[in-house]
K.L.:
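Please see the structure below; I have some questions.
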Amino acid sequence: SEIVTPAVIMNRIFGTAPCLISGSRLMAQNRKGNVNSIFQILPIINMMMRRAGIYTRVSTAMQKDRHSLPAQESLLREYARNNNMTVIEHYQDAGISAKDTNRPALQRLMRDCTQHKLDAVLVLELDRLTRNVKDMLTLSDFFRDHDVEYIEVAGGNTDMSTPENEMFRTIQSSVSQYERKHTGLR
């Protein structure tokens, strides 16, 4: 399959040959001979090519051995492909509980969000990201503050801007937290 780069997108939209430098401005000439500044084109490219990070996690070695991580990754990559996203990075925490955010891959994902490397974070379900209500609310605010869209591929209701979805997500997170704590009692 073709790798979609800004040059490929420019060529598809504008019929542009490789960019040329005119003075101190990077320019692109389309099929009609019109010259566009690259800065006029970049917002269009950014809208079309959303940069996604995919996050996968399992908490036990048993889950890790059952190919749960590859299954999660496959579903997330398929979603990204079907929704015009380029997977920039796969963040994977294997054999680590979601009781808190002290996980190496999650910390790396958050750092990449602060450095504006991602436009979206894809997870299969909320409990892959966290099983703690406080952390879910903190992560929701964190993604919103950094203009990163959080998408649960199998969970639905990812739009936290509505009171209904925020309530649903909080209830869902409460159930996950309860399950984690109840399992720990056994």
K.L.:
Does any N or O in the side chain of Q92 come within less than 3.5 Å of the main-chain N or O of L69, such that one atom is a donor and the other an acceptor?
P.N.:
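A pair under 3.5 Å: no.
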K.L.:
Could you state the interatomic distance from OH (Y91) to CZ (R111), rounded to the nearest 0.5 Å?
P.N.:
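Rounded to the nearest 0.5 Å, the OH-CZ separation comes to 8.5 Å.
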K.L.:
Does R57 reach the main-chain N or O of D127 with its side chain, forming a donor-acceptor pair under 3.5 Å?
P.N.:
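A pair under 3.5 Å: yes.
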K.L.:
What distance separates T138 OG1 from M110 CE, expressed to the nearest 0.5 Å?
P.N.:
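That separation rounds to 8.5 Å.
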K.L.:
According to a 4.5 Å side-chain heavy-atom criterion applied to Ile, Leu, Val, Met, Phe, Trp and Tyr, with indirect links allowed, do I88 and F142 form part of one hydrophobic cluster?
P.N.:
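Yes; F142 is reachable from I88 via cluster members.
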K.L.:
For a 4.5 angstrom cut-off between non-hydrogen side-chain atoms, does Y150 reach L126?
P.N.:
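The answer is yes; the side chains approach within 4.5 Å.
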K.L.:
Taking a hydrophobic cluster as the set of Ile, Leu, Val, Met, Phe, Trp and Tyr residues connected by side-chain heavy atoms closer than 4.5 Å, whether directly or through intermediates, do V123 and L137 fall within one such cluster?
P.N.:
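Per the 4.5 Å side-chain linkage, V123 and L137 are co-clustered.
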K.L.:
Tell me, do T114 and H146 make a side-chain contact under 4.5 Å, heavy atoms counted?
P.N.:
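The answer is yes; the side chains approach within 4.5 Å.
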K.L.:
Evaluate the criterion salt bridge (charged side-chain N to carboxylate O under 4.0 Å, His left out) for residue pair K117 and D112; output intermediate values, then yes/no.
P.N.:
CA-CA 5 Å; K117 294 181 179 179; D112 286 351; 3.7 Å; yes
K.L.:
Indicate yes or no for a side-chain donor-acceptor contact from N83 to the backbone of M85 under 3.5 Å, with no hydrogens or angles considered.
P.N.:
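No: the side chain of N83 does not pair with the backbone of M85.
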K.L.:
Between L75 and L124, is any pair of side-chain heavy atoms under 4.5 Å apart?
P.N.:
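Yes, at least one pair of side-chain atoms sits under 4.5 Å.
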K.L.:
Start with the C-alpha gap between R51 and T86, add the side-chain angles, then the distance that decides, and say whether side chain to side chain contact (heavy atoms under 4.5 Å, CB included) holds.
P.N.:
CA-CA 5 Å; R51 302 163 301 163; T86 300; 5.5 Å; no
K.L.:
Do N132 and K99 touch side chain to side chain, with heavy atoms closer than 4.5 Å?
P.N.:
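When only atoms from C-beta onward are counted, K99 and N132 do not touch, as no gap falls below 4.5 Å.
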K.L.:
Do you see a donor-acceptor pair shorter than 3.5 Å between the side chains of S74 and E78?
P.N.:
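No, no side-chain donor-acceptor pair sits under 3.5 Å.
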K.L.:
Could you tell me the separation between the NZ atom of K134 and the CG atom of L139, rounded to the nearest 0.5 Å?
P.N.:
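It comes to 11.5 Å.
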K.L.:
Quick check: closest heavy atoms across S59 and S97, and the distance to 0.1 Å?
P.N.:
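Between these two residues, the closest heavy atoms are CB-CA, 4.0 Å.
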K.L.:
Do you know which two heavy atoms are closest between Q107 and T101, and how far apart they sit?
P.N.:
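Minimum heavy-atom contact is NE2-O, 2.6 Å.
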K.L.:
So, do E89 and R108 sit near enough that their side-chain heavy atoms are less than 4.5 Å apart?
P.N.:
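In contact.
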K.L.:
Would you say T56 and R128 make side-chain contact, with heavy atoms under 4.5 Å?
P.N.:
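Heavy-atom side-chain distance check fails, nothing below 4.5 Å.
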K.L.:
In sequence, state the C-alpha distance, the side-chain angles, and the governing distance for E149 and R50, and then conclude on side chain to side chain contact (heavy atoms under 4.5 Å, CB included).
P.N.:
CA-CA 10 Å; E149 184 179 7; R50 291 183 15 218; 2.8 Å; yes
K.L.:
For the residue pair P104 and D93, establish whether any side-chain heavy-atom pair is separated by less than 4.5 Å.
P.N.:
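Yes, side chains in contact.
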K.L.:
Closest heavy-atom contact between L118 and G53?
P.N.:
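Here L118 and G53 meet closest at CD2-N, 3.5 Å.
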K.L.:
Say you draw a straight line from CG of N84 to CZ of R81; how long is it, rounded to the nearest 0.5 Å?
P.N.:
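Taking CG in N84 and CZ in R81, the distance rounds to 12.0 Å.
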K.L.:
Quick check: do Y55 and L106 have side-chain heavy atoms less than 4.5 Å from each other?
P.N.:
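With C-beta onward as the side chain, the pair touches.
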K.L.:
To the nearest 0.5 angstrom, please state how far the CG atom of D135 sits from the OG1 atom of T130.
P.N.:
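The distance works out to 4.5 Å.
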K.L.:
Strictly distance-based, threshold 3.5 Å: is any side-chain N or O of R103 a donor or acceptor partner for the main-chain N or O of L129?
P.N.:
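Yes; judged by distance alone, with no hydrogens or angles, the pair exists.
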